[in-house]
Amino acid sequence: MKNMFEFRILGRAKTPIFSTISCAAVFMLLIFADSFIYNLSLHSIAFGTKENFPVVYNRETGGARQIPLNSVKEEVERDHSEDQRNFNPPINVTEEERIAWFRTVLPEFQIFKSTRLTQQFEGRVRSFFNGKCEVRFFMTWISPAESFGRREFIAMDSLFKAHPHGCLTILSPTLDSRLGDRILKPLQDREFRVLAVAPDASFLFKDTPAEAWFVEMKSGNKDPGEIPLAQNLSNLLRLAVLYKYGGVYLDTDFIVLNKFSSLRNTIGAQSIDPVSGNWSRLNNAVLIFDKNHPLVYKFIEEFALTFDGNKWGHNGPYLVSRVVERVAGRPGYNFTVLPPMAFYPVDWIRIGGYFPRPKDQVTSKWVEAKSLQLGKEAYGVHLWNKQSSKLKIEPGSIIARLILDHCSICEHVYSS
């Protein structure tokens with residue numbers, strides 16, 4: 001299938017060719033308004049449970065059987081609700097003190113536990129994929145299920161609007177619960193295929209460079225760093241699940257605007273050097289790779305060998321940037337780097353300006369033109385929740401227009 005977007009591939013090389021809006025005056029308006037919105041952005045940033053009985057792989061018999069998971073999920077839900085302690089590492093402490101703290105909380109980290117749910121991971125995912133999947137999508141959610149909010153739901157809704165026959169697997173020890181069932185029920189009631197499953201990290205990391213790293217981390221002898229470990233585990237889990245199964249990984253704050261089915265072995269540039277036109281940073285919020293892809297293996301290897309829990313982005317966006325720069329042009333790697341318009345058409349500094357309603361005729365025209373441009377040229381928009389989570393989506397704003405044009409359920413848009 002021919003790519004509908006007029007992109008020139010970036011391999012730390014070319015700038016993208018953007019399709020132009022028919023009127024030159026509107027083009028100038030976009031330039032002017034982007035400058036205006038940049039300043040505005042800097043100022044702006046100061047669900048009854050369905051009784052289902054999924055097919056579960058039986059390790060003892062080697063076959064599949066239908067069993068209710070409710071009793072197992074009740075047990076997990078109690079574990080989560082009984083201990084909601086803060087797993088953020090202490091600040092202003094020595095490495096030895098942080099490791100000592102980590103050892104005390106390690107038994108409570110769900111991601112390190114082997115439970116009846118995690119032991120069923122492989123079979124449940126295999127059974128889920130037995131049905132027809134137009135595209136395999138993956139997300140991760142390590143935070144409590146209670147914090148999976150309306151904005152995250154909107155991201156899933158947009159995914160299924162563009163891919164009604166796609167499959168979404170959410171790797172989450174917390175959403176694989178009765179509360180998680182209630183959160184996903186509106187999508188499942190519309191026959192969208194979505195599964196929240198507690199990941200078996202040992203299985204996912206097995207026979208990869210992450211296996212030894214995970215064993216050492218579980219021993220309590222490795223410094224998790226100042227960055228919350230859940231964030232870095234999410235960086236690793238997305239790589240491992242793509243390596244094992246292949247498909248599309250998306251962050252939960254990514255609004256899908258167009259179909260991904262024509263994309264393979266693709267990563268997106270977050271920014272471009274204005275002088276050279278080369279990409280200056282890649283991002284790992286969107287990753288599209290085949291099973292056992294060598295570049296993904298290199299990503300996992302880099303994570304295990306250079307892990308640093310004290311530097312934000314070191315194990316995520318900066319990691320994929322380092323590796324791609326290192327392997328670019330070498331034989332055996334087949335991948336595409338798309339320009340920022342593909343997945344990151346709005347950077348984290350400017351995202352705040354896309355949430356307010358237009359206040360005058362000039363901004364109204366810019367909002368309309370920008371909404372049309374993104375809907376035609378971008379695969380999606382990253383909302384950068386770390387910067388925008390407290391911003392309200394106002395009626396008539398660019399974000400509101402994009403969501404309402406790319407949703408199936410379309411509920412609670414303005415309260416998210």
Side-chain angles (χ1 to χ4, degrees), residues 57 59 62 87 89 95 98-99 102-103 105-126 129 136 138-142 169-174 176 197-225 227-247 249 265 267 284 287 289-311 313-320 322-324 326-327 332-333 335:
Y57 186 76
R59 293 178 182 271
F87 288 119
E95 179 178 325
R98 190 164 50 242
I99 291 176
F102 182 56
R103 287 172 180 161
V105 300
L106 185 58
E108 306 304 328
F109 268 92
Q110 293 295 325
I111 197 68
F112 289 111
K113 292 183 178 181
S114 177
T115 68
R116 284 189 287 172
L117 279 179
T118 62
Q119 291 166 12
Q120 295 169 359
F121 170 82
E122 180 185 4
R124 291 172 68 192
V125 172
R126 184 187 307 167
F129 287 154
R136 292 180 179 179
F138 298 94
M139 294 178 175
T140 64
W141 189 260
I142 311 298
T169 303
I170 308 174
L171 277 62
S172 174
T174 57
D176 195 359
V197 56
D200 183 344
S202 295
F203 165 76
L204 286 170
F205 300 153
K206 185 176 176 58
D207 299 325
T208 76
E211 185 173 14
W213 177 90
F214 189 63
V215 170
E216 186 179 7
M217 187 63 73
K218 284 176 65 175
S219 71
N221 296 321
K222 191 173 184 65
D223 179 17
I227 306 296
L229 185 58
Q231 179 176 318
N232 283 317
L233 284 170
S234 173
N235 286 325
L236 183 56
L237 281 172
R238 71 189 66 180
L239 300 176
V241 75
L242 286 182
Y243 189 72
K244 289 285 186 182
Y245 297 103
Y249 168 82
N265 303 323
I267 191 169
N284 64 336
L287 298 168
F289 285 97
D290 293 343
K291 177 180 178 179
N292 295 332
H293 196 280
L295 182 60
V296 179
Y297 185 91
K298 282 293 185 183
F299 289 157
I300 298 173
E301 183 179 62
E302 180 77 3
F303 185 102
L305 294 177
T306 70
F307 175 80
D308 188 337
N310 295 311
K311 298 177 181 177
H314 176 83
N315 310 299
Y318 295 123
L319 181 151
V320 294
R322 291 194 305 271
V323 174
V324 168
R326 191 181 305 148
V327 304
Y333 298 92
F335 65 94

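Values reported hereafter were calculated over all heavy atoms of this structure, with side chains retained and with hydrogens, waters and symmetry mates removed. All values reported here derive from a predicted model rather than from experimental measurement.
- Checked by atom type and distance alone, the side chain of R238 pairs as donor or acceptor with a backbone atom of N284 at under 3.5 Å.
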Determine whether D176 and R124 satisfy the following criterion, salt bridge (Lys or Arg N to Asp or Glu O under 4.0 Å), listing intermediate values before the conclusion. CA-CA 12 Å; D176 195 359; R124 291 172 68 192; 2.7 Å; yes
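- Residues D223 and F307 approach most closely at O-CE2, 3.7 Å, considering heavy atoms.
- With rounding to the nearest 0.5 Å, the separation of CZ in F335 from CG in L287 is 12.0 Å.
- Distance alone, capped at 3.5 Å, is enough to place a donor-acceptor pair between the K244 side chain and the K206 backbone.
- Between the CG atom in L229 and the CD1 atom in I111 there is a gap of 9.5 Å [rounded to 0.5 Å].
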Evaluate side-chain contact (heavy atoms from CB on, under 4.5 Å) for I267 paired with V320, printing each intermediate quantity in order. CA-CA 9 Å; I267 191 169; V320 294; 3.8 Å; yes
L171 vs W141, side-chain contact (heavy atoms from CB on, under 4.5 Å): CA-CA, chis, key distance, verdict: CA-CA 6 Å; L171 277 62; W141 189 260; over 6 Å; no
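- The closest side-chain heavy-atom distance from Y249 to V241 is not below 4.5 Å.
- Considering only heavy atoms from C-beta on, S202 comes within 4.5 Å of F214 through its side chain.
- Nearest approach of G332 to P294, heavy atoms of both residues: O-CG, 3.4 Å.
- One distance of note links OH of Y318 with OG1 of T306; it measures 14.0 Å at 0.5 Å rounding.
- For the residue pair N232 / N315, a side-chain donor-acceptor distance below 3.5 Å is found, with atom types taken as modelled.
- Between R98 and G225 the shortest heavy-atom distance is CD-O, 3.3 Å.
- Nearest heavy atom pair, residue G246 against residue R136, reads O-CD, 3.8 Å.
- Residues forming a ring pair (Phe, Tyr, Trp, His ring centres under 6.0 Å) with Y245 (at least two apart in sequence, or on another chain): F129.
- Residue Q110 forms a side-chain contact (heavy atoms from CB on, under 4.5 Å) with just one option from S172, P199, P173, and that option is P173.
- Considering OG of S219 and CZ of R103, their distance stands at 8.0 Å, rounded to 0.5 Å.
- Without hydrogens or angle criteria, N265 side chain to D290 main chain gives a donor-acceptor distance under 3.5 Å.
- Scored by the salt bridge (Lys or Arg N to Asp or Glu O under 4.0 Å) test, K298 finds E301 as partners (sequence neighbours excluded).
- For the pair R322 (side chain) and H314 (backbone), a donor-acceptor distance under 3.5 Å is present.
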Begin from the C-alpha positions of V323 and Y333 and carry the test side-chain contact (heavy atoms from CB on, under 4.5 Å) through to its verdict. CA-CA 12 Å; V323 174; Y333 298 92; over 6 Å; no
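- Between P209 and F303 the shortest side-chain heavy-atom distance does not fall below 4.5 Å.
- Distance check: L305 CG to I300 CD1 gives 11.5 Å after rounding to the nearest 0.5 Å.
- Among residue pairs with one or both ends in residues 208-217, none qualify as side-chain hydrogen bond (donor to acceptor under 3.5 Å, both in side chains); sequence neighbours excluded.
- If you run side-chain contact (heavy atoms from CB on, under 4.5 Å) between F205 and each of L236, V215, D200, only L236 comes through.
- In this structure, F109 and F112 have perpendicular ring planes: the angle between them is above 60°, well past the 30° mark.
- Residue L239 holds its CG atom at 10.0 Å from OG1 of T140, rounded to the nearest 0.5 Å.
- The minimum heavy-atom distance between S234 and I142, with the atom names listed, is CB-CG1, 4.5 Å.
- Contact record, K218 with L106: O-CD2, 3.0 Å, taken as the closest heavy-atom pair.
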